[in-house]
Each structure stands twice: as C-alpha cells, then as structure tokens.
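Read the structure below first, then the notes.
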Amino acid sequence: MMLWQSVVGKLWFTILLLVSAVLSILMVLLLQSLEQFNLTEAETQLQKHAAMVASIYEEQGTEPEGKDMISKYGENFATNIAIFEDGQKVWGSENHLDVMLPPSWFTEDDDLVRVLQEEAEVVKEVYFSLPPASSNDEAEMMVVGVPLSGQTGSGVFMYQTLSAIEETSNETRRLVYLSAGIAIILTTFFAFFLSSRVTAPLRKMRQAALEVAEGNFQTKVPILTHDEIGQLAIAFNRMRRELNRNIAALNQEKEQLARILSSMADGVMTFNRKGEVVVMNPPAERFFEDWRYEMESNSSKAGNLPEEMNELFQKVVEEEHEELIELLVQGRSWAILMAPLYDQEDVRGAVAVIRDMTEERLHDKLRKDFIANVSHELRTPISLLQGYSEAIVDDVVGSEEDQKEIARIIYDESLRMGRLVNELLDLARMEAGHTELNKTVVNLEEFSERIIRKFQGSANEDGLNLITHTVGSHPDVLIDVDRMEQVLTNLLHNAIRHTEQGGTVALNVKLEADHVEMDVTDTGSGIKEEDLPFVFERFYKGDKARTRGRSGTGLGLAITKNIVEAHQGELSVHSKMNKGTTFSMILPRKSV
C-alpha cells in the first residue's frame, strides 16, 4: 500500500501540513513586522540626524566649521544633505551617495514642499533613477525634511538609500527561513514517529482481519493498550468468536443449497410453501430482470412472480408432480420446469429450473426459413430449366433461332443457380468467421473512380447520372481490394436497378483522420420503412416493382455487410420513399 493511502501517511501529512501552514503565517507576519520595525527605526534616526543638522546650521550658519561638521555628519551616516533658504538651495553635502537629488525635486514634490511652505517635518520614501553606469535602474530612498526655525521657506533635507535596511531585512529573513526549515524537519520526524506509534495496533488489527477473511478464525488481536484502540481489539476478538460459531451453523444450510445449485447449469430458484422466493442464482435473476423491465409498462401486472409461474407453482404444490411451461419475455423464450420439494413426506415448497431456449428456437426458425428461402429461390430456375428442356426433348421448338433463345435462357438460369450456390457458400464461410482478407494499400480516390467507370456504361444505357466525389486528404488505406470492390459493386448495382431514368447515383468518399466514410446515394424510389430493418437479412428482396424486372438472389446485402464487418467497419442504410436511399459504410483506419 502506498504511504499516502495509509493512516500513517495521512496523519503524518496532516500534522506536517498544519505545522507548515502555521509556520508560513507566522513567518509572513514576523517578516512584515521586522521590516516595518526596521523602516520605522530608520525614519526615526534620520529625523534625529536631520534635526541635529538643522541645529548646527542655525547656530553656525555658513561658517567653515559648521559646513565641515555637517559634511562629516553626512559622511559618517552615509547620507546626503541639502539646505534651502527662501525656497532656494544654498548649500549641500551630497557626495556621500551615488544618487544626488536635484533641487527641483524638493520644491516641486507635493509632500516635501510642505517643509518650506508650512514649516512641517516630512518623511517620505521615493524612487529615483540611477546613472546609466549603475547596475540597477532606480533606487529607493528615504527623504526627511525639517524646517529651519524662524525662517520661512527654509529647511534641511537629508536623504539616504534603503540598501542598508534591505541588508538587515535580508539577514533577518535568512534567519527566519533557517529556523522554519529546522522546525519543518523536526516536525517531519516527530509526526512520522507519532503516527507510526498510534497506527501500529491498527496495522496488526488489519492483518488479523485479513486472516479472518481468508477463513482463519483462530487469529487473535493482541491487546497492548487500554484506550479506545484496546477496546476495539477486545470487540474484534469477540466478533471473531461469534463469527466462527455462526459460520459453523450456516455451513449446514449452505451444503444443502450447494448440492442443489451445483447440479444445475441453468437458472435455479426455490420457493417456500407460501410461494416466496428463498434462493435464486444469477441466471434466474437475469430472467426476472427482463420480466420486471417488461412489466413496468403495466403496473397492474407487476408482482413478485409472473402470473404463469404463480399458476404453475399452485399446480405443482397441489398435484405434487413436475410441470413444464414456456414463457416469452423480452423476445426471448424461457422454458420453466418446476418440481415439488419435500420435507420428509410433506411438500415444503418447490424448485424451478429456468432454461433460455431462445437460441434453440432461433436455430429452428433459421433452419426452416433457410430451407424455405432456398427452395423458393431454386424453384423458379429449376422450373424454367425443366420446362425448356422438355420443349427441346419433345421437339416443339420450331426454328433454330428459338432453339438458341431457349438454350440462352437455360444457360442464364444455370448461371443464376451457380451464383446462388456460390453466394450461399461465401455467406456461410463469412458467418462462420472464415473470411480471409488480403489487404493492400490502395488509393481510395483512384479506386472509387475505377469502380464508377465500371458502371458508367450501364448507367448511360439507363439514362442515369453516375458521379463520385472525394473529400479530405491521405487517400491511402489498407483494404482487401477484391472484397471491397464486391461491396461497392453490390451497392452501386442495387442503386442503379432501383433508380428511374434521369436520376442520380453518387459514390461519395470522406477521408477523416481516424476513419474513412463511403456513401452510395441514389434518387430512386426508396425502401419502405417497415422493410428497412430487414434489408441485410438473407434472401430479403424489396418491392419487385422497384427492380424493373431484374431481381437478384437477395444475398448481396447480407454478403456486403459481412465483408464490411470483417474489415471491422459499420454498414447502415437510410431511405425515404420516392426520395432515395443512402448506404453508409465507415471503415476505421487503424483497423483496415
């Protein structure tokens, strides 16, 4: 089990996350407080220095000793000093920093000018662009201005960069980060130790539970503590003993039911004397799911059992012999054999065996339909062969031209019978999964044009407009050329047969990234809505009036669908009466 999915991991991660969140909040608050403290302290010191410079200047004025003292004062504290009288800069000691603020900065700034105009003390942080030779574009500075007493428009401005404050803040930040990292590491080890110690009994209990689940009911959980986990271990051991006792009692009933169910491969269910279901295996449950789904449409008929089964149960219990019925539910045929169950000499219920007979009934129907359809298809050519052969044998054919016509008819009908037999063989092989595809890479656009040229003459004779159109790129696909030509031949031949003169038959190819789509569309008379679900069935034939007297065997579309499915594709049809029909074929590129 992964660490993050265990209790140890979750508890460890929770403690670590909680401590990390608290430390993060404390670090942010502490750093902000320290930075604000450093900034306030720097403002206070700079104000004191500015006041001291103002005192010196007021006492000594422009005397050399005063200027020298003020200059040394600025040098010692790494500050620049500018002195204004009557709104004009009269002197300054501004060679101690890389930055020298112009006089207009002090007289035009809305805050700093208050020193000169209102005789107010002002502290302000400003950004000033550095010379091009500097590594930084601008510097943050703190400017303090104090007025000169008794002189309007006069004052002392003292300013310095905040780099020293930033260095102090950075050093403080490093110490805070180091302390937080040490705290996180210590918390990690402590949280892992605590969570492992707390969850150790739970892991032992889990192992014991797994052993009980495997059938080892002798496993005991050691009681190491007397807290909630210890109480849980006591409850687990008590549960294990009760479970062991109950399992032994249930095994007897289980053996009886197992003997009944193990001998049945079909759906099995047992009833008590009241007709209530006691045991039901999965095949029987599937039968009842289908029945309940069908009964939802008529709530008055929905109950615990189908009405036929209730009647069968009453008859079995009263007459005490087996009974068999067959029900049709959701289109499937179910045979239900019910027999009484005895408790010594008394009937205590019944057992029913439910078998799905759908496949057997379907095979019977398909066998009958196949024989009927083949007989129907062979009857016409055999009758023609027999009739015209008798005419030749009885020598009732007059001219040589009539003999040739009869021979041609006999030949055509024999070819028709051969095609029918071959198509039946092909269809049987396909449905048995024996279709072998010889795939090659083919340019689908050229392939479609070649198929269209094949039918162009026939379309011209019938007065039809036969076209093809390809959309998309990458026309090379992997298909069985002969099989796919057989598919398009069947679809185009049907479209031409079912389209009246002046109509249009189109083969449209759409090339997509993951599949190709081929549509055969005609403007013919269409297919009736009730016939659409059966067009791909064997021996299906539409209205004979639509085929203009050229009816096929009815196996073409069935073979076509099997070929497309062998290519792992899909074939569908859409049609409207008197508007036309579209057969759509989708072939996945990755499969073809």
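Within the 4.5 Å cutoff, no side-chain heavy atoms of Met518 are placed close to those of Asn508. The shortest distance between side-chain heavy atoms of Glu500 and Leu464 does not fall below 4.5 Å. Side-chain contact check for Val471 versus Leu511: every heavy-atom pair is 4.5 Å or farther apart. Val441 is not listed as a side-chain neighbour of Val477, based on a closest heavy-atom distance of 4.5 Å or more. At least one side-chain heavy atom of Thr523 sits less than 4.5 Å from a side-chain heavy atom of Thr499. Counting heavy atoms from C-beta on, the side chains of Val316 and Pro340 come closer than 4.5 Å. Between Arg589 and Val516 the shortest side-chain heavy-atom distance falls below 4.5 Å. Contact check for Leu492 versus Ile452: side-chain heavy atoms found under the 4.5 Å cut-off.
Closest approach of Val277 to Phe271, counting heavy atoms only: CG2-CE2, 3.7 Å. Contact record, Lys274 with Phe313: C-CE2, 4.4 Å, taken as the closest heavy-atom pair. A pairwise comparison of heavy atoms in Asn281 and Asp266 identifies ND2-O, 3.0 Å as the closest pair. Taking each heavy atom of Pro588 and His515 in turn, the nearest pair found is CA-CB, 3.9 Å.
Under a 3.5 Å cut-off, the side chain of His493 and the backbone N or O of Thr489 do not form any donor-acceptor pair. No donor-acceptor pair closer than 3.5 Å links the side chain of Thr582 to the backbone N or O of His574. Panel note: side chain Thr468, backbone Leu507; a donor-acceptor pair is recorded below 3.5 Å.
Side chain to side chain, Glu326 and Ser333 meet the donor-acceptor criterion of an N or O pair below 3.5 Å. A donor and an acceptor atom, one from each side chain of Lys510 and Thr470, are nowhere located under 3.5 Å apart. For the 3.5 Å distance criterion, the side chains of Asp519 and Ser584 qualify, holding a donor opposite an acceptor. Residues His567 and Glu565 bring no donor and acceptor atom of their side chains to less than 3.5 Å of each other.
Here Asp343 does not pair with Arg348 in a salt bridge; the nearest charged N to carboxylate O distance is not below 4.0 Å. Between Arg450 and Glu446, none of the side-chain N atoms (NZ, or NE/NH1/NH2) sits under 4.0 Å from a carboxylate O, so this pair counts as no salt bridge.
Between atom CG of residue Asn460 and atom CG of residue Leu466 there is a gap of 8.0 Å, rounded to the nearest 0.5 Å. Separation of atoms OG (Ser448) and CD (Glu485) is listed at 11.0 Å; rounding is to 0.5 Å.
Among residues two or more places apart in sequence or in another chain, the side-chain contact (heavy atoms from CB on, under 4.5 Å) test is passed with Ile467 by Asn465, Thr504, Ala506.
Evaluation of the salt bridge (charged side-chain N to carboxylate O under 4.0 Å, His left out) test over residues 463-479, restricted to residues two or more places apart or in two chains, returns none.
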side-chain contact (heavy atoms from CB on, under 4.5 Å) between Asn443 and Phe447, worked out: CA-CA 6 Å; Asn443 186 302; Phe447 175 73; over 6 Å; no
Derivation of the side-chain contact (heavy atoms from CB on, under 4.5 Å) call for Thr521 and Thr581: CA-CA 6 Å; Thr521 304; Thr581 304; over 6 Å; no
side-chain contact (heavy atoms from CB on, under 4.5 Å) assessment of Phe288 paired with Met280: CA-CA 10 Å; Phe288 273 92; Met280 182 186 299; 3.8 Å; yes
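For the side-chain contact (heavy atoms from CB on, under 4.5 Å) with Ile479, the qualifying choice from Val487, Leu444, Ile563, Thr440 is Leu444, the only one to do so.
Residue-environment remark: CD (Glu449) exceeds the threshold of 12 foreign heavy atoms within 6.0 Å.
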